[in-house]
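Presented below is the structure to which this report refers.
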Amino acid sequence: MKNKKYIIWGIPVFNRVTGFFLLVCLYYVVNVVTSSANSGMSGQLLAESNPLNRLMAGLIISYCLFFSFYTPKRVNDSVYKVSLLFILYITVRYFFVFMENTNYALSVVSHIFNIIYWISGLLFSVKCFSFIDRTALNKLIKILVVVVFLFLMYRMITQKAILSSEGIVAGINVAGSAYMLAPLILFVFNGKFKIIMMMACLFICVYSAKRQAVLGILIVLLFSAKDIIVSYFKQFKLWGIIVIIAVLFGGQKYIYKSVDDLINRQETIADEGGSMDSGRSDLRTAALKGYEHSNIIDKVFGGGTAISSLYIKKYYGKYNAPHCGFVEILCDYGIIGELLFIAFFFHLLRWGRHFLYLSKWQLIYFSMVLIWINFNVVSHVGNIFAIYLSLAFGYLYNDIKENEVALYKKYKL
């Protein structure tokens, strides 16, 4: 009874997991209050935000890594081990860049922050989510999802207005990242709320006019169709159908406009680079050309953080990112970094063997891995919204571990 006053809405206040969710929510509040309306146009918020936002991100990373290493709990899992090796390697590689050229290293610190941000989230969630009651964890995730949704909607409205006023036909990268929340939504929301949140996620992705976002949310919806349909028929009444129709009818103007934007973007790809991916293949080619002409040391260990952007500047004429996580890792962190990065996804897929015997989340898990791989093929490795895929993995990991003894004994996994 003594600790009752430290529990709010069933959530323990003084808990490492609660502290993490509080910091992440606070980050979005700080970002809205301190950043300009066009901040984060590229989806890499830390690369385009002010020092206070970077300080908040650094605080979250430090918090995650501290408890990941401080917590004595042993994690004997291949995904965790590969993630740990990867984060250690890119940190050491950045340290050497810092020693060689301090000014350059400081100018690109946000790039490595973007990568470490989602990896540290995975390490923390795997190691620490077991330190809080599952009901309380579900509530924390729900609060975070709502906060992120509000943030995305705010950015979506403000950035859309900026693009429209300047006559630019482009997608809103930040809002398009909403599909990365979909696995968490499917894991923690139930019944009508699950359907409402997934509809909101779909609307934001379509309204963002980002092809990658639309593809991502469609992948998740395809894999989770059965779960959503079951939830619909179990929970929704007539009023639910009325609400859905009203939302669709009321939002049709914005949906049509977003579809038009998607079509217009396809029609202007010749002006954007002459390829079906808006010139991104040219960016990747330029980055790979730089890698091809690098020395053997840089090929093996990488040229250093953000060197891929310098390659593009040299061979493409403009400073940009390769828009492909695998190419970016290869250029920046070499063959060693690339092998570790590929190993991460290999073990993610391999980890799905658990669902051969525990099929509750099977399809949703594989859709999560698929969209994780997909956005690294067509976008930045440092998209900080990938942390929500990391948290989804940590959530599933601890869910599996709760039944580990019986599962391993019965099926000898």
inquiry  = Any heavy-atom pair between the side chains of Lys289 and Tyr316 that's under 4.5 Å?
reply    = no

Is the number of heavy atoms from other residues, nucleotides or ligands under 6.0 Å of Lys81 NZ greater than 12? yes

- Does the side chain of Leu152 come within less than 4.5 Å of Leu181's, by heavy atoms? yes

Closest heavy-atom pair, Gly394 versus Phe129, reported as atoms and distance to 0.1 Å, is C-CD2, 4.0 Å

Item to complete: Show your working on side chain to side chain contact (heavy atoms under 4.5 Å, CB included) between Ile115 and Tyr333 and close with a plain yes or no.
Response: CA-CA 12 Å; Ile115 301 175; Tyr333 303 105; 4.2 Å; yes

**Asked** Counting only heavy atoms not in Tyr319, do more than 12 fall under 6.0 Å of its OH?
**Response** yes

Flag the pair Arg134 and Asp399 as a salt bridge only when some basic side-chain nitrogen lies within less than 4.0 angstrom of an acidic carboxylate oxygen. yes

Note: Phe124 and Val17 closest approach over all heavy atoms is CZ-CA, 4.1 Å

Are any side-chain N or O atoms of Ser379 and backbone N or O atoms of Asn376, one a donor and one an acceptor, separated by less than 3.5 Å?
no

For the side chain of Lys299 and the backbone of Glu292, is there at least one donor-acceptor N/O pair under 3.5 Å apart?
yes

Notebook entry, point to check: Just by modelled atom types, is the Gly302 backbone N or O under 3.5 Å from a matching donor or acceptor in the Arg93 side chain?
Noted result: yes

*Ser120 side-chain N/O to Ile61 backbone N/O, donor-acceptor pair under 3.5 Å*: no

### Task
Check the pair Val220, Ile364 against side chain to side chain contact (heavy atoms under 4.5 Å, CB included), reporting the backbone distance first and the verdict last.
CA-CA 7 Å; Val220 177; Ile364 301 175; 5.6 Å; no

Minimal heavy-atom distance between Ile297 and Asn295, with the atoms involved, is N-OD1, 3.1 Å

Rounding to 0.5 Å, atoms CG (Leu137) and OG1 (Thr18) come to a distance of 9.0 Å

Is there a side-chain contact between Phe149 and Ile185, using heavy atoms and a 4.5 Å cut-off? yes

> Is NZ or CZ of Lys142 both nearer than 6.0 Å to the six-membered ring centre of Phe189 and within 45° of the ring axis?
Replying inline: yes

Smallest heavy-atom separation, Thr91 atom then Ile87 atom, equals OG1-O, 2.6 Å

- [ ] Mind telling me whether Tyr117 and Tyr27 have parallel, tilted or perpendicular rings, with 30° and 60° as the class edges?
- [x] tilted

Give me the ring orientation class for Phe345 and Phe326: parallel if the planes are under 30° apart, tilted from 30 to 60°, perpendicular past 60°. tilted

Check: Does Phe393 have its ring centroid less than 6.0 Å away from the ring centroid of Trp351?
Finding: yes

Please step through ring-ring contact (aromatic ring centres under 6.0 Å, His included) for the pair Trp118 and Phe375, ending with a clear verdict. CA-CA 14 Å; Trp118 63 263; Phe375 92 74; 7.7 Å; no

- Query: Sub-3.5 Å donor-acceptor pair from the side chain of Asn15 to the main-chain atoms of Phe131, do we have one?
  - Reply: yes

- Would you check if Leu391 and Phe20 make a side-chain contact, meaning some heavy-atom pair closer than 4.5 Å? yes

- Item | Heavy-atom donor-acceptor pair, Asn114 side chain to Ile384 backbone, under 3.5 Å | no

When rounded to the nearest 0.5 Å, the distance separating CG of Leu283 from CD1 of Ile312 is 5.0 Å

Before giving the answer on side chain to side chain contact (heavy atoms under 4.5 Å, CB included), spell out for Tyr315 and Thr285 the whole-Å C-alpha distance, their side-chain angles and the decisive distance to 0.1 Å.
CA-CA 9 Å; Tyr315 293 102; Thr285 300; over 6 Å; no

Here the gap from Ile296 atom CD1 to Ile335 atom CD1, rounded to the nearest 0.5 Å, amounts to 6.5 Å

To the nearest 0.5 Å, atom CG of Asp332 lies from atom CD of Glu338 at 10.5 Å

request  = Begin with the C-alpha distance, continue with both residues' side-chain angles, and end with the deciding distance and a verdict on side chain to side chain contact (heavy atoms under 4.5 Å, CB included) for Arg350 and Val79.
outcome  = CA-CA 9 Å; Arg350 184 171 173 268; Val79 175; over 6 Å; no

Using only atom types and a distance under 3.5 Å, with no angle test, would you say the side chain of Trp372 pairs donor to acceptor with the backbone of Ala386?
no

All heavy atoms of Ala287 vs all of Val327, minimum pair found to be CB-CG1, 3.8 Å

query: Taking side chain as C-beta onward, heavy atoms only, is Val147 less than 4.5 Å from Val24?
result: no

Requested in this report: Could you tell me whether a side-chain N or O of Asn398 sits under 3.5 Å from a main-chain N or O of Cys128, the two making a donor and an acceptor?
Outcome: no

- Message: Keeping Tyr388 on the side-chain end and Pro183 on the backbone end, is there a donor-acceptor pair under 3.5 Å?
- Response: no

*Going by heavy atoms in the side chains, are Val126 and Asp77 under 4.5 Å from each other?*
no

Original post:
Do the side chains of Ile90 and Leu340 get nearer than 4.5 Å, heavy atoms only?
Top reply: no

_Is it the case that the ring center of Phe341 lies less than 6.0 angstrom away from the ring center of Phe86?_
yes

Separation between CZ (Phe385) and CE (Met180), nearest 0.5 Å, reads 8.5 Å

When rounded to the nearest 0.5 Å, the distance separating CZ of Phe366 from CZ of Phe223 is 9.0 Å

Scanning both residues in full, the closest heavy-atom pair of Leu106 with Tyr94 reads N-OH, 3.9 Å

* So, does Tyr63 use its side chain to make a donor-acceptor pair with the main chain of Leu23 at under 3.5 Å? -> no

Please determine whether the number of non-hydrogen atoms from other residues, nucleotides or ligands lying under 6.0 Å from atom CZ of Phe69 exceeds 12. yes

Side-chain touch Ser125/Tyr395, heavy atoms, less than 4.5 angstrom: no

